[in-house]
Amino acid sequence: MSILHGKFLHGGDYNPDQWLDRPDILEEDVRQMKRAGVNVVSLGIFAWAALEPEEGKYDFSFLEERIQTLYENGIHTILATPSGGRPMWMAFRYPEVLRVRAEGQKELMGERHNHCYTSPVYREKVWEMNRRLAEKFAGHPGVIAWHISNEYGGACWCEKCQEAFRGYLKQKYGSLEELNRQWWTAFWSHRYDCWEHVQAPSPLGESDTHGLNLDWRRFCSRQTADFCAWEKKALEAGGSSLPVTTNLMGFYDGLDYADFRDILELSSWDSYPEWHSGEKSDVQTAAEIACTADYMRCIQKDRKPFLLMESTPSATNWQRFSRLKRPRMHMLSSLQAVAHGADSVQYFQWRKGRGGSEKFHGAVLDHDATDDTRVFRDVAEVGSRLQGLEKICGSLVRPRAAILLDQENRWALEDSHGPRNDGIHYLETVKAHYGALWKLGIPADVISSDCSLEEYRLVIAPMLYLLKGDIAERLKAFVDGGGTLVGTYQTGLVNENDLCFEGRVPHGLTEVFGLHREEIDALWDGQCNHVAWNDREYVLTELCERIHPSSAAVLARYQEDFYAGEPVLTVNEYGRGKAYYIAAHTGMDFLYDFYLETAPAAGAGPCMKAALPEGVTVTVRTGEETDYLFVQNWNPEDVAVTVEEKLTDFESGERIGAGDSLKLSGYSVRILERPAGSGNTERFE
Ligand SMILES: [Zn+2]
């Protein structure tokens with residue numbers, strides 16, 4: 001069930017607090033929103049100074065007027081808590097709300113998203129604001145959800161945060177002796193004698209104790225999530241039971257979004273792809289954004305529809321180059337989010353402000369405020385098309401393949417010191433495996449290693465260097481039960497504290513993969529090895545592992561260097577399933593051919609029967625009785641896709657038979673339907 005009575009949300013960030021002296025503009029906003037097909041706004045995200053102009057003096061009158069007027073005009077509100085930007089008075093009266101940097105320097109008032117999440121004063125002020133907002137507005141029929149804060153991130157090194165960090169460590173390790181053992185502090189004589197000597201990592205102090213670095217990142221993430229949970233509790237204390245979200249930032253490195261899973265009823269994200277860039281093709285960018293969308297959807301406990309909270313209707317002003325979206329790209333990129341399970345298309349922002357750092361950031365209304373622009377027409381067209389897609393709203397994305405992208409693994413791997421300090425490329429490798437599936441039209445979830453594996457037929461775990469919790473046992477059980485696992489080099493080397501395992505690796509997985517690793521060769525950029533598989537030759541770069549099979553069958557071997565003839569690709573039958581091991585870094589050409597063969601055999605084939613041309617992909621959302629297939633053409637040119645099953649165009653009603661040619665204009669999407677379960681999407685039992 002969607003949050004707006006089965007309707008897709010269409011709208012964006014709305015900041016009337018910047019225009020309070022212009023009633024004519026506020027009136028015009030509502031009129032124009034209706035013309036643009038807007039049915040929701042995210043309101044008051046940075047409005048603290050307007051809501052509490054002096055400490056303890058609250059003035060919610062403009063919110064009251066806006067929420068009511070919008071509601072009377074059919075526009076709902078996702079109401080923000082304003083903690084993303086603090087008012088000036090607070091910083092000067094209570095300097096503890098300002099962060100301290102890693103070098104120990106206190107910050108001055110300025111910028112945003114830079115508050116100490118431990119500060120009792122900041123927490124108290126936020127509590128009071130949120131509670132009052134909830135008391136006033138949670139019962140308003142126009143308010144449908146909370147937008148908590150904005151783009152949480154960053155860290156604070158103040159003494160309060162350091163003390164909280166030590167508290168986190170005490171609880172985690174129980175004793176200093178255990179901390180010293182897990183962090184291996186005998187190295188360089190860095191053994192801690194008392195808890196007070198434990199300091200957060202700093203360029204002026206300790207930065208090479210990997211267990212410390214990892215625990216600090218975990219602490220910062222959990223402290224941020226704890227702050228978000230605090231904000232939510234304050235809303236509940238004000239009587240709200242509305243769903244909450246906070247806008248996440250895709251593959252942002254500073255937080256482990258899995259920490260937010262139990263807090264948010266809805267995940268939402270801010271998506272700013274660099275379309276038409278000089279460095280990547282749109283096809284590559286589209287595949288990466290698809291991967292991000294699936295990752296954002298899977299942050300939610302139940303992987304139900306999520307929200308695209310921000311996107312630009314035209315260009316941003318903070319990327320290196322503000323490239324305009326080419327004609328039709330706005331529709332295609334908006335519906336891409338819907339194709340991956342978003343029940344909304346929302347923008348930053350409704351109307352361009354006249355000053356500030358984002359005065360030239362794309363908005364639905366430009367400074368001339370006219371609706372006679374390409375951008376306005378593009379937005380209105382999306383609003384109108386979404387209205388026709390209501391039946392799809394609330395339907396689910398339930399792939400049979402999953403890729404593990406674990407943020408703690410990413411932190412540890414990128415801090416591991418060797419084998420490649422000049423680019424270990426974890427995220428890029430995850431995206432490459434995802435990209436191969438995307439090209440094949442095979443939908444995938446992107447999950448952290450604490451997620452359940454039960455619904456999948458194929459699990460891909462690239463470079464799973466850090467094993468936390470019971471992931472090794474669960475991967476084993478997954479294969480034993482009939483699943484197909486794909487693992488790669490650099491797997492199973494350290495425990496959750498980045499402490500190397502004793503004995504053979506991949507730790508706990510040598511039986512599943514039927515092999516063990518001896519050593520790994522890091523190649524310089526420009527160096528390579530080769531492998532032949534199924535009569536094709538592929539280049540290997542970056543990392544080449546030397547492995548020794550016990551029970552695994554060798555499918556391909558290194559062709560060069562002193563380890564020529566040794567295995568690079570193996571498969572092992574284990575229980576009712578099988579486990580592949582790819583021992584070296586391969587290109588996309590190999591991954592495409594590899595998954596072309598192995599994914600359908602695993603029971604995770606393409607979601608539509610068709611030969612997809614380059615740059616065309618398909619994803620599927622499944623409703624109670626219907627599959628909705630989103631066929632997307634990311635090429636600027638028109639293409640034709642030969643379809644091998646019976647489908648109906650959801651919007652035009654056109655029937656498409658097996659062998660028919662499906663026409664797609666450049667940068668376009670067609671939505672096809674078929675009875676649920678009649679294609680390749682039936683669930684694995
Ligand atoms: Zn702090």
Side-chain angles (χ1 to χ4, degrees), residues 10-15 18-19 29 32-33 36 38 41-42 45-46 84-85 110-113 150-151 153 247-253 268-293 296 308-337 342 344-383 431 615 632 634-636 666-668:
H10 184 236
D13 284 18
Y14 180 40
N15 301 298
Q18 294 171 22
W19 302 92
D29 279 336
Q32 298 275 45
M33 281 178 191
V38 164
V41 297
S42 303
I45 294 171
F46 289 106
E111 304 299 328
R112 59 176 183 165
H113 306 153
N150 188 67
E151 296 183 344
N247 48 339
L248 311 174
M249 297 180 285
F251 295 131
Y252 170 64
D253 188 41
S268 66
W269 76 301
D270 298 350
S271 175
Y272 293 101
E274 291 182 307
W275 298 121
H276 323 301
S277 87
E279 291 173 357
K280 282 180 190 169
S281 69
D282 287 333
V283 172
Q284 192 181 345
T285 304
E288 292 184 5
I289 291 299
C291 183
T292 322
M296 293 283 91
L308 175 65
M309 185 57 82
E310 289 184 23
S311 60
T312 176
S314 55
T316 71
N317 72 324
W318 47 263
Q319 287 164 334
R320 285 174 301 165
F321 307 96
S322 304
R323 199 94 163 105
L324 296 177
K325 282 185 200 169
R326 279 25 222 168
R328 300 186 300 281
M329 184 51 108
H330 182 64
M331 176 66 77
L332 174 58
S333 57
S334 298
L335 288 191
Q336 182 191 28
S344 77
V345 174
Q346 291 159 274
Y347 313 111
F348 178 84
Q349 61 178 334
W350 165 248
R351 177 188 286 273
K352 273 185 191 174
R354 294 181 61 196
S357 77
E358 289 178 315
K359 64 182 182 290
F360 292 119
H361 192 293
V364 181
L365 285 183
D366 210 326
H367 295 126
D368 65 1
T370 168
D371 56 12
D372 186 22
T373 62
R374 188 176 75 102
V375 168
F376 193 96
R377 285 189 290 273
D378 278 357
V379 166
E381 195 187 353
V382 167
K431 286 181 188 173
Q632 305 149 50
W634 293 94
N635 302 292
Y667 294 137
S668 78

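Residues: numbered from 1 along the sequence shown.
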Nearest heavy-atom neighbours spanning Asn15 and Ile45 = OD1-N, 4.4 Å
Kindly indicate whether the side chain of Met33, heavy atoms from C-beta on, has any atom under 4.5 Å from the side chain of Val41.
-> yes
Pair Arg377 + Asp372, salt bridge at N-O below 4.0 Å | yes
Please name all residues satisfying side chain to side chain donor-acceptor pair (under 3.5 Å) with Ser311, sequence neighbours left out, ordered by chain then number.
-> none
Which value, rounded to the nearest 0.5 Å, describes the distance between Thr285 atom OG1 and Glu274 atom CD?
-> 8.0 Å
Qualifying residues under side chain to side chain contact (heavy atoms under 4.5 Å, CB included), relative to Tyr272, sequence neighbours excluded = Asp270, Glu310, Thr312, Thr316, Trp318, Gln319, Phe348, His361
Atom pair CD1 (Ile289) and CE (Met296), whose distance is rounded to the nearest 0.5 Å = 11.0 Å
Please identify each residue that fulfils ring-ring contact (aromatic ring centres under 6.0 Å, His included) with Tyr667, with sequence neighbours left out.
-> His276
His330 versus Glu381: any side-chain heavy-atom pair under 4.5 Å?
-> no
Correct closest heavy-atom pair for Gly362 and Ser314 would be CA-OG, 3.3 Å
Residues Ser333, Trp275; criterion side-chain contact (heavy atoms from CB on, under 4.5 Å); working and verdict | CA-CA 9 Å; Ser333 57; Trp275 298 121; 3.7 Å; yes
Heavy-atom closest pair (Ala363 atom, Arg351 atom, distance to 0.1 Å) is CB-C, 3.9 Å
Show your reasoning for whether side-chain contact (heavy atoms from CB on, under 4.5 Å) applies to Lys325 and Asp378.
-> CA-CA 10 Å; Lys325 282 185 200 169; Asp378 278 357; 5.9 Å; no
Check whether any side-chain heavy atom of Val38 lies under 4.5 Å from a side-chain heavy atom of Gln32, and answer yes or no.
-> no
Residue pair Arg374 / Pro327, side-chain heavy-atom distance below 4.5 Å = yes
Quick one: list whatever passes ring-ring contact (aromatic ring centres under 6.0 Å, His included) with Trp19, sequence neighbours left out.
-> none
Does Asn150 reach the side chain of Arg112, with side-chain heavy atoms less than 4.5 Å apart?
-> yes
Just how far is it from atom OG of Ser668 to atom CE of Met331, taken to the nearest 0.5 Å?
-> 10.5 Å
Shortest non-hydrogen contact between Gln346 and Met309, atoms and distance = CB-O, 3.1 Å
Heavy-atom side-chain contact between Phe251 and Lys431 under 4.5 Å | yes
With sequence neighbours left out, write down each residue that passes side chain to side chain donor-acceptor pair (under 3.5 Å) with Glu279, or none if nothing qualifies.
-> Arg320
Between the NZ atom in Lys359 and the CG atom in Asn317, the distance rounded to the nearest 0.5 Å is 8.0 Å
From CE (Met329) to CG (Leu324), nearest 0.5 Å | 12.5 Å
Residues which pass ring-ring contact (aromatic ring centres under 6.0 Å, His included) with His367, listed by chain and number, not counting sequence neighbours = none
Okay, side chain of Gln336, backbone of Ala286: is any donor-acceptor separation there less than 3.5 Å?
-> yes
Over 60° means perpendicular and under 30° means parallel, so classify the ring planes of Phe376 and Trp350, tilted if in between.
-> perpendicular
For the residue pair Gln349 and Glu358, establish whether any side-chain heavy-atom pair is separated by less than 4.5 Å.
-> no
So CG of Asn247 and CG of Leu308: to nearest 0.5 Å the spacing works out to 11.0 Å
Would you say the side chain of Tyr347 lies within less than 4.5 Å of the side chain of Val375, judging by non-hydrogen atoms?
-> no
